[in-house]
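Before any comments, here is the structure.
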Protein chains: 2
Amino acid sequence: MINLMLGDCLERMKEIRDGSVDMILTDPPYGMSFQSNHRKTKHSKIKGDSNLYWLDDWCSELYRVSADNTAHYVFCSFHHVDKFKQALERLFKIKNVLIWEKNNTSMGDLKGDFAPKYEMIIFIHKGRRLINGKRDPNILKFSKTKNELHPTQKPVDLLQYLIGKFSDSGQLIFDPFMGSGTTGVAAKNLNRKFIGIEMDKGYFEIAKNRIESA
Amino acid sequence: MINLMLGDCLERMKEIRDGSVDMILTDPPYGMSFQSNHRKTKHSKIKGDSNLYWLDDWCSELYRVSADNTAHYVFCSFHHVDKFKQALERLFKIKNVLIWEKNNTSMGDLKGDFAPKYEMIIFIHKGRRLINGKRDPNILKFSKTKNELHPTQKPVDLLQYLIGKFSDSGQLIFDPFMGSGTTGVAAKNLNRKFIGIEMDKGYFEIAKNRIESA
DNA sequence: ACTACGGTTGAATCCTGAA
DNA sequence: GTTCAGGATTCAACCGTAG
């Protein structure tokens with residue numbers, strides 16, 4: 001079962017039944033500008049809300065739709081980790097903050113700072129979910145995707161790893177900020193069901209095509 | 001110049017002159033025991049939440065004693081990164097969150113979680129301080145010290161690396177939570193001046209001996 | 001005119017991995 | 001080896017407006 005919705009996730013999530021989702025795996029917009037004058041490959045502009053006013057309502061809906069005894073992942077940069085952690089913490093149990101170590105660094109302040117080489121992944125439980133297989137360290141090394149369709153596209157193998165560790169075959173994975181649909185591809189590859197929501201029509205079509213042909 | 005003080009850093013810091021410190025490098029107590037009690041209540045009141053009530057006053061004093069255009073490091077676990085980031089952010093500029101990747105993992109939840117393999121280091125500026133040498137990634141691999149004198153003892157080579165990157169020979173390093181004195185040893189090895197404060201008399205003596213014989 | 005402030009624009013510059 | 005491209009960017013200069 002694959003269910004893709006075009007629209008604002010705060011609205012469309014209302015259509016999802018209480019306790020029906022076995023894993024949320026998503027990469028919310030951080031509220032940064034993606035338009036760089038130096039990037040060769042330009043992506044369409046993504047709406048940046050740096051005030052993150054929607055966070056609390058969003059977390060409440062996530063809690064409502066998720067089943068008991070499930071584990072979930074929310075990608076996050078260190079710039080906003082405090083706000084995301086506190087919003088999630090009101091309802092979920094913060095289990096860990098995983099570090100996705102990339103194979104490259106990004107730009108940032110070249111003279112007064114260290115070079116960004118990772119993204120954070122807030123790992124939460126509703127109730128208690130046991131790990132599948134062995135317990136791995138909380139630093140995960142995966143190479144970045146080449147020729148990205150979306151500026152923050154995640155590697156499929158990273159998402160498949162995360163899905164495999166804390167969900168079972170046939171369970172339902174949910175991504176409220178679908179982007180180019182990598183979470184859906186990973187879910188389908190592992191025989192999970194999937195619900196994805198995306199507001200941008202261009203990315204929605206890309207996601208639909210990618211997941212169909214996966 | 002090495003100046004070691006026995007006492008509560010919130011009190012003893014008052015003796016340090018405005019703008020006299022070139023780098024703060026410290027590992028504050030996290031108050032983990034309070035945290036675990038608090039977890040049982042889901043809709044937690046922030047008031048009386050943990051023993052981090054001293055954070056805001058502490059940050060104000062750090063800001064007062066530090067010179068303009070200086071860089072500083074505060075160690076932190078992911079459990080409390082939100083509170084430390086927000087307290088520091090009121091006055092300092094958050095530049096980065098560094099990841100100290102250890103060579104081993106610690107215990108934690110063996111069945112429902114990933115294994116902790118890192119500590120966070122909040123990296124802040126007062127004004128703007130340029131890097132010494134090249135710009136390195138924000139994931140730092142250093143092996144843990146063996147036969148520790150203190151439960152959260154840091155490797156000397158890690159602290160020397162951090163000191164070397166953002167301070168100069170002859171400048172003053174300050175550690176308000178000195179513990180077993182590793183920051184002082186690193187500072188002395190690199191010909192920096194040092195002020196350290198420690199409340200516990202046992203650790204104070206250990207630190208004094210270690211720094212003297214460094 | 002003279003700052004002061006806010007928003008926008010464009011230049012800078014470095015490590016890593018892939019070719 | 002050697003070259004080359006690119007990266008959830010930051011900083012500073014530059015206007016336009018307001019006081």
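Order of the sequence lines sets the chain letters (A, B, ...), proteins ahead of strands, with each chain counted from 1. The analysis underlying the following values was restricted to heavy atoms, covering all of them including side chains, and did not include hydrogens, waters or symmetry mates.
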For this session: Treat a base pair as Watson-Crick or G-U wobble with both distances under 3.5 Å, then lay out DNA chain C in dot-bracket form, 5' to 3', with | for cross-strand pairs.
Result: .|||||||||||.||||||

Exercise. Are A/Lys144 and D/dA8 close enough that a side-chain N or O sits under 4.0 Å from OP1 or OP2?
Worked result: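 Checking D/dA8 against A/Lys144, a side-chain N or O does come within under 4.0 Å of OP1 or OP2.
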
[N] [atom2] sits how many Å from [X] [atom1], rounded?
X        : N      : atom1 : atom2 : answer
A/Glu119 : D/dG7  : CD    : P     : 14 Å
B/Phe123 : D/dT10 : CZ    : P     : 13 Å
A/Gln153 : D/dG7  : CD    : P     : 12 Å
A/Glu101 : D/dA8  : CD    : C1'   : 17 Å
B/Leu130 : D/dT10 : CG    : P     : 16 Å

Exercise. Under 6.0 Å from the NZ atom of B/Lys188, do we count more than 12 heavy atoms belonging to anything else shown?
Worked result: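 Count over threshold, so yes.
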
Exercise. Can you list the residues that meet the ring pair (Phe, Tyr, Trp, His ring centres under 6.0 Å) rule with B/Phe114, with sequence neighbours excluded?
Worked result: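 Checked B/Phe114 against ring pair (Phe, Tyr, Trp, His ring centres under 6.0 Å); matches are A/Phe123, A/Phe166.
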
Using atom names, set out every protein N or O paired with an N or O of nucleotides 14-18 of chain C below 3.5 Å, distance rounded to 0.1 Å.
{"residue": "C/dT16", "atom": "O3'", "partner": "A/Asn103", "partner atom": "O", "Å": "2.9"}

Non-hydrogen side-chain atoms of [X] and [Y] separated by less than 4.5 Å:
X       : Y        : answer
A/Asp8  : A/Met199 : yes
A/Glu61 : A/Trp54  : no
A/Leu88 : A/His72  : no

Exercise. Looking at residues at least two apart in the chain, or sitting in another chain, which of them share a side chain to side chain donor-acceptor pair (under 3.5 Å) with A/Glu212?
Worked result: none

For this session: With sequence neighbours left out, write down each residue that passes side chain to side chain donor-acceptor pair (under 3.5 Å) with B/Asp22, or none if nothing qualifies.
Result: none

For this session: Run the numbers on A/Arg210 and A/Thr182 for side chain to side chain donor-acceptor pair (under 3.5 Å), then give the verdict.
Result: CA-CA 8 Å; A/Arg210 279 184 77 203; A/Thr182 314; 3.0 Å; yes

Exercise. Which is true for A/Asp27 with a 4.0 Å heavy-atom rule: it touches a base, it touches only sugar-phosphate, or it touches nothing?
Worked result: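 Here A/Asp27 touches the bases of the nucleic acid.
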
Exercise. With rounding to whole Å, what would you report as the distance between D/dA8 and C/dA18 at their C1' atoms?
Worked result: 22 Å

For this session: Answer with yes or no after comparing the ring centroid distance for B/Tyr73 and B/Trp100 against a 6.0 Å cut-off, counting only values under it.
Result: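 No; B/Trp100 has its ring centre 6.0 Å or more from that of B/Tyr73.
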
Exercise. Any donor and acceptor pair, going by atom type alone, linking the side chain of A/Glu198 with main-chain N or O of A/Gly179 inside 3.5 Å?
Worked result: yes

Problem set entry | Under 3.5 Å donor-acceptor, B/Lys126 side chain and B/Tyr63 backbone |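 Checking the backbone N and O of B/Tyr63 against the side chain of B/Lys126, a donor-acceptor pair under 3.5 Å is found.
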
Sort me out a list of protein N/O and nucleotides 11-13 of chain D N/O pairs below 3.5 Å, or just none if empty.
{"residue": "D/dC11", "atom": "OP1", "partner": "A/Asp109", "partner atom": "OD2", "Å": "3.1"}
{"residue": "D/dC11", "atom": "OP1", "partner": "B/Lys95", "partner atom": "NZ", "Å": "2.6"}
{"residue": "D/dC11", "atom": "OP1", "partner": "B/Arg128", "partner atom": "NH1", "Å": "3.1"}
{"residue": "D/dC11", "atom": "OP2", "partner": "B/Lys93", "partner atom": "NZ", "Å": "2.9"}

